[in-house]
Amino acid sequence: MNYLQFVRKNRVMVIFGIIMTALSSFGQTFLLALYVPFLMEEFKLSNGLLSTFYGLATIGAAMALPKLGKLIDTVPLQKFTLATTATFVISLLFFSISQSWWYIPIAFFGLRLAGQGLYNHIAITSMSRYFDVNRGKAISLASLGHPLGQAILPAIILVVISKIGWRESLWLNAALVSIVVTVFTLLVLKSEHLVNESGGETDAGHTEKKVDRIRQRDIMKSKAFWLLAPNIFFIPFAVTGLFFYQFAIIEFKEWNIGLAAAGLTSYAIASSSSILLSGPLIDKYQAKTFFPFYLFPFLVALLVIWLVPNVWGIFLYNILMGFSVGFGSATVAALQVEFFGQTYIGTVRSLFTSIMVLSSAIGPALFGIFLDLGWGFQTIFPVTLVILILIMIQSFRAVPKYSRAKWKYKYKKVTGKKNKIPKP
């Protein structure tokens with residue numbers, strides 16, 4: 001089944017996934033950063049204090065996610081989505097009526113929890129649960145909402161803020177989220193859509209009794225968890241840190257500051273392309289096969305941004321990084337099902353999502369500390385490279401044994417032919 005056939009057959013679930021990931025943008029760093037200048041001016045906040053609020057709120061959201069995210073295994077999808085939407089909308093409205101500095105960390109907490117955390121969790125968990133034969137395609141299509149939001153929403157939000165103000169723009173954000181998600185969830189998403197494509201259980205089949213059989217502490221004790229966790233931590237950690245200091249990097253490279261927007265566009269295009277490429281490959285060969293390899297473009301990207309002085313380096317860097325992020329998002333999501341199964345995927349994914357959210361808070365903070373210490377990017381880039389290489393090495397343990405055996409056999413066959421010494 002190709003993408004067109006898959007979308008025709010499962011268009012409701014595909015649209016639902018894209019809606020959730022695209023609207024999660026209202027809780028993502030790249031959109032919330034647009035409001036930073038207005039918050040600093042109105043509430044007389046410093047960069048350091050505002051980033052502290054943001055970091056603490058993100059860490060708080062990461063701590064809450066495992067407890068709240070696992071409820072998707074016991075609560076019907078529609079109810080869970082509507083409850084999350086209510087939290088999201090209330091946070092946006094609370095943000096808009098901020099009267100003092102203490103409103104800000106509370107609003108950030110709600111937006112990071114519901115937006116970046118639970119909205120993304122709902123989308124990918126749904127694709128993972130209700131699809132098995134075409135799981136790669138389902139996850140890939142749902143993940144397209146991320147680059148879609150990155151490409152469209154910032155420009156729109158900036159125009160809206162300039163026309164009606166930052167507070168009023170948040171009202172429109174809340175209206176968009178509440179209307180689109182509520183209408184789609186209540187009027188379009190029906191129980192007949194929430195059936196495993198192989199004819200398994202529906203959403204109503206996930207009972208409290210079943211979920212009691214697995215605990216998140218048990219998941220954390222498994223080898224599979226410690227195989228996946230470093231990868232899930234690294235990508236948001238590195239990408240958020242690099243994007244947060246993209247202007248400082250451009251200044252370090254002595255490039256034109258205007259290249260930042262063009263670089264992000266190339267990143268979004270590469271990410272979208274690799275997301276679509278990954279789906280059919282995962283369905284055909286399993287995500288385990290690609291687990292170690294999706295990080296190779298990121299490795300080259302870091303080498304480019306570190307060592308290449310030419311202007312074209314920013315485009316190659318963003319393209320390679322976007323390819324890794326796009327392919328990796330689908331690969332890692334599919335791997336969670338391959339390792340832990342579909343029954344408790346909400347419990348599993350909520351744990352890994354909390355790691356992702358936590359790492360997105362640690363990345364900018366740690367990069368900032370290194371820069372304040374005077375290390376500079378000449379030190380940050382190679383240190384990041386070493387961390388990535390270590391993660392890639394341990395990731396090879398996920399490759400199926402039969403694949404490693406096949407590689408070993410082919411290697412011996414090739415080298416044996418080349419090194420064979422004829423008998424006298």
Side-chain angles (χ1 to χ4, degrees), residues 13 16-17 20-21 24 27 58-85 87-88 112-132 135-136 138-139 142-143 194-198 200-233 236 287-288 291 329-360 398:
M13 287 299 291
F16 175 72
M20 299 304 290
T21 52
S24 74
T58 302
I59 292 171
M63 294 175 65
L65 268 168
K67 294 294 183 183
L68 296 176
K70 69 179 182 181
L71 295 176
I72 201 172
D73 286 334
T74 57
V75 177
L77 181 62
Q78 292 97 326
K79 290 184 179 180
F80 189 86
T81 302
L82 292 174
T84 303
T85 300
T87 304
F88 204 175
R112 299 294 277 166
L113 175 63
Q116 186 192 25
L118 291 176
Y119 257 39
N120 182 66
H121 176 58
I122 290 169
I124 306 303
T125 298
S126 301
M127 300 302 114
S128 301
R129 170 165 291 151
Y130 299 114
F131 297 95
D132 42 27
R135 182 182 300 124
I139 292 173
S143 299
L194 306 179
V195 179
N196 188 286
E197 67 175 333
S198 297
E201 290 180 324
T202 63
D203 190 57
H206 300 283
T207 63
E208 185 69 43
K209 184 177 180 181
K210 284 185 177 181
V211 177
D212 283 342
R213 296 177 186 173
I214 189 169
R215 297 176 301 177
Q216 288 175 330
R217 70 183 68 174
D218 296 324
I219 295 172
M220 293 180 68
K221 293 178 182 177
S222 67
K223 292 182 179 179
F225 174 84
W226 291 106
L227 187 62
L228 278 172
N231 291 66
I232 290 174
F233 181 90
K288 293 177 183 177
F291 186 44
S329 63
T331 300
V332 172
L335 265 174
Q336 293 171 45
V337 187
E338 291 180 15
F339 283 153
F340 298 98
Q342 290 176 296
T343 305
Y344 314 106
I345 189 59
T347 304
V348 172
R349 275 201 54 80
S350 63
L351 189 59
F352 285 116
T353 302
S354 71
I355 295 174
M356 179 268 293
V357 174
L358 179 64
S359 67
S360 69

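Residue indices begin at 1 and follow the sequence shown.
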Practice task
Check Arg112 against Gly27 and note the closest heavy-atom contact, atom names and distance.
Solution key: NH1-O, 3.0 Å
Completion exercise
Heavy-atom closest pair (His121 atom, Gly346 atom, distance to 0.1 Å) is CE1-O, 3.2 Å
Completion exercise
Phe80 meets the ring-ring contact (aromatic ring centres under 6.0 Å, His included) criterion, sequence neighbours left out, with none
Problem - Partners passing side-chain hydrogen bond (donor to acceptor under 3.5 Å, both in side chains) against Ser143 (at least two apart in sequence or in another chain) - result: none
Exercise for the section: Using a 4.5 Å cut-off on heavy atoms from C-beta on, say whether the side chain of Thr58 contacts that of Leu358. Expected result: no
Problem - Any donor-acceptor pair under 3.5 Å from Ser128 side chain to Val337 backbone - result: no
Practice task
Measure from the side-chain N and O atoms of Ser222 to the backbone N and O of Asp218, and report whether any donor-acceptor pair falls under 3.5 Å.
Solution key: no
Fill in the blank from the handout: Separation between CG (Leu118) and OG1 (Thr353), nearest 0.5 Å, reads 8.5 Å
Fill in the blank from the handout: Closest non-hydrogen contact found for Met356 with Pro236 is CG-CG, 3.4 Å
Completion exercise
Between Asp73 and the options Thr347, Thr125, Thr343, the side-chain hydrogen bond (donor to acceptor under 3.5 Å, both in side chains) test singles out Thr347
Completion exercise
Phe340 meets the ring-ring contact (aromatic ring centres under 6.0 Å, His included) criterion, sequence neighbours left out, with none
Exercise for the section: Starting at CG of Leu227, measure out to CZ of Phe291 and round the result to the nearest 0.5 Å. Expected result: 5.0 Å
Exercise for the section: Without swapping roles, check the side chain of Trp226 against the backbone of Lys221 for a donor-acceptor pair under 3.5 Å. Expected result: no
Problem - With Leu65, the side-chain contact (heavy atoms from CB on, under 4.5 Å) member among Val357, Leu351, Ile355 - result: Val357
Fill in the blank from the handout: Rounding to 0.5 Å, atoms CG (Leu71) and OG (Ser350) come to a distance of 8.5 Å
Exercise for the section: Sequence neighbours left out, what passes side-chain hydrogen bond (donor to acceptor under 3.5 Å, both in side chains) with Ser354? Give chain and number order. Expected result: none
Exercise for the section: Looking only at non-hydrogen atoms, find the nearest pair between Val75 and Lys79 and report the distance. Expected result: CG1-CB, 3.8 Å
Problem - Reported OG1-to-CE distance for the pair Thr81 and Met20, which is rounded to 0.5 angstrom - result: 5.0 Å
Exercise for the section: Of all the heavy-atom pairs spanning Ser126 and Phe131, show the shortest one and how long it is. Expected result: O-CD1, 4.5 Å
Fill in the blank from the handout: Sorted by chain and number, sequence neighbours left out, side-chain hydrogen bond (donor to acceptor under 3.5 Å, both in side chains) with Thr85 holds for Tyr119
Practice task
With the side chain counted from C-beta on, respond yes when Lys288 and Phe339 share a heavy-atom pair under 4.5 Å apart, and no when they do not.
Solution key: yes
Problem - Candidate list Ile122, Ile72, Asn120, test side-chain contact (heavy atoms from CB on, under 4.5 Å), partner Arg349, passing option - result: Asn120
Problem - Gln336 side chain vs Val348 backbone, donor-acceptor pair below 3.5 Å - result: no
Handout entry: Residues in ring-ring contact (aromatic ring centres under 6.0 Å, His included) contact with Phe16, at least two apart in sequence or another chain
Key = none
Exercise for the section: Considering non-hydrogen atoms only, spot the tightest contact between Ala142 and Met127 and give its length. Expected result: CB-CG, 3.6 Å
